[in-house]
Peer 1: 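Shown below is the structure under consideration.
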Protein chains: 2
Amino acid sequence: MTERISDAEHAIMEVLWKQSPLTATEVADQVIEHKGWSLQTVKTLLSRLAAKAVVGTERDGRRFQYSPLVERDTYLTGVSRNFVDRLFGGKVMPLVAHLAEADELSADDIREIEQLLRELKK
Amino acid sequence: MTERISDAEHAIMEVLWKQSPLTATEVADQVIEHKGWSLQTVKTLLSRLAAKAVVGTERDGRRFQYSPLVERDTYLTGVSRNFVDRLFGGKVMPLVAHLAEADELSADDIREIEQLLRELKK
DNA sequence: CCTCGATGACTACACTTGTAATTTCTATGA
DNA sequence: TCATAGAAATTACAAGTGTAGTCATCGAGG
């Protein structure tokens, strides 16, 4: 049962997964331009993540260094499975079929996926 | 911009997508066993969906007949794209790769997807 | 024709989320 | 040593969600 991470929190996590540990200000620098959030908002999100033990804090003088405690892969696996379960009865095929039919898959995408599947079978 | 449908609301929609129109009680019959909700909860969810114009209502004596106004396919396309965009940078391959690596894909799944992709290229 | 039970409408209420403002603490430089 | 700037902690607050309880109404059966 990985702790639930909201959309806004997820944006913070992406920054920390790319690089860590970081201070709140450093995280804010990375994220504010995309998101248009204030520093306070970033700090709130970091606190909430820390409260859920999804990021860890280490005191460093008068500030904190934040680091992810959950790996990106673990998180992605969880949400992906949840997504596929809820919307496609747990089967990946209908998802791929759906994306394909909705023209969300380019010819390149298809080639890439085929290549990947060939690799998997070995 | 399809209206946002929450998780609980989605469960209601699945029932209506399978069969419609249905009365609130009929929907509840289909969903209560899985979900353990009360009839009132189902009615609330139906009202909220109706308020968002995601389901339509037609008076039938002293009750309503509810029907989806949004197609399942349209909905799935929206949430799928959103999901893939947010978590996998809009690329489906990493999602498939991820599920595969996390052992969420069986050999059968892989064969099925390959078959599907072959079809698509024709 | 009147009552009762089913049904929709309205209300409730705590928790989460997005988005901060305000208050309190603390280390550091004058 | 003491003020102060920059952090953290606390508080805010509206919208959305999960999960109902309660109220009002209307139609069918006695």
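In what follows, chains are A, B, ... by sequence order, proteins preceding strands, each numbered from 1.
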Peer 1: What nucleotide, of C/dA9, D/dT17, C/dT17, holds the atom closest to the side chain of A/Lys52?
Peer 2: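 Within the option list, the nearest is C/dT17.
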Peer 1: Holding to side-chain contact (heavy atoms from CB on, under 4.5 Å), I want the full list of residues that pass it with A/Ala100, two or more places apart in sequence or in another chain.
Peer 2: A/Leu105, B/Leu120
Peer 1: Please report, rounded to the nearest Å, how far the C1' atom of C/dA9 is from the CG atom of B/Leu46.
Peer 2: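 These atoms are roughly 14 Å apart.
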Peer 1: Nearest nucleotide by nearest heavy atom, which residue falls closer to the 5' end of DNA chain C, B/Ser47 or A/Arg4?
Peer 2: B/Ser47
Peer 1: Is it the case that one hydrophobic cluster holds both A/Val79 and A/Leu69, taking links as side-chain heavy atoms less than 4.5 Å apart, direct or via other members?
Peer 2: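 Cluster IDs for A/Val79 and A/Leu69 differ.
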Peer 1: According to side chain to side chain donor-acceptor pair (under 3.5 Å), who are the partners of B/Ser80, at least two apart in sequence or on a separate chain?
Peer 2: none
Peer 1: Specify the residues of residues 19-27 of chain B, ordered by number, for which at least one heavy atom lies under 4.0 angstrom from an atom of DNA chain C.
Peer 2: B/Ala24, B/Thr25
Peer 1: Suppose we screen for side-chain contact (heavy atoms from CB on, under 4.5 Å). Which residues come up paired with A/Gln115, at least two apart in sequence or across chains?
Peer 2: A/Arg118, A/Glu119
Peer 1: Less than 3.5 Å apart, which donor and acceptor atoms pair up between the side chains of residues 41-49 of chain B and the rest of the protein, not counting sequence neighbours?
Peer 2:
residue : atom : partner : partner atom : Å
B/Thr41 : OG1  : B/Ser38 : OG           : 3.2
B/Thr44 : OG1  : B/Gln40 : O            : 3.0
B/Ser47 : OG   : B/Lys43 : O            : 3.0

Peer 1: Taking atom C1' of D/dA8 as reference, at what distance in whole Å does atom CD of A/Gln65 sit?
Peer 2: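 That distance rounds to 14 Å.
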Peer 1: For B/Arg86 and C/dG18, give me the distance from atom CZ to atom P, rounded to whole Å.
Peer 2: 9 Å
Peer 1: Measure NZ/B/Lys43 against C1'/D/dG18 and give the value in whole Å, please.
Peer 2: 18 Å
Peer 1: Angle between ring planes, B/Phe83 versus A/Phe83, binned at 30° and 60°: parallel, tilted or perpendicular?
Peer 2: parallel
Peer 1: Mark up nucleotides 19-30 of chain C, 5' to 3', with B wherever a protein heavy atom is under 4.0 angstrom from a base atom, S wherever such an atom reaches only the sugar-phosphate, and - elsewhere.
Peer 2: BBBB----S---
Peer 1: Sequence neighbours left out, what pairs pass salt bridge (charged side-chain N to carboxylate O under 4.0 Å, His left out) with at least one residue falling in residues 20-37 of chain A?
Peer 2: none
Peer 1: What residues, two or more places apart in sequence or in another chain, satisfy side chain to side chain donor-acceptor pair (under 3.5 Å) together with B/Glu14?
Peer 2: B/His10, B/Arg72
Peer 1: Quick one: which residue pairs count as a salt bridge (charged side-chain N to carboxylate O under 4.0 Å, His left out) with a foot in residues 84-100 of chain A, not counting sequence neighbours?
Peer 2: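 Qualifying pairs: A/Arg86-B/Asp7, A/Lys91-B/Asp109.
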Peer 1: Just grab all the ring-ring contact (aromatic ring centres under 6.0 Å, His included) pairs involving residues 13-53 of chain B, residues at least two apart or on different chains.
Peer 2: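 Matches after skipping sequence neighbours: B/Trp17-B/Tyr75.
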Peer 1: Tabulate below the donor-acceptor pairs under 3.5 Å that side-chain atoms of residues 60-68 of chain B make, not counting sequence neighbours, or state none.
Peer 2:
residue : atom : partner : partner atom : Å
B/Asp60 : OD2  : B/Gln65 : NE2          : 3.0

Peer 1: What's the angle between the local helix axes at either end of the helix from C/dC1-D/dG30 to C/dA30-D/dT1, using five pairs per end and rounding to 10 degrees?
Peer 2: 30°
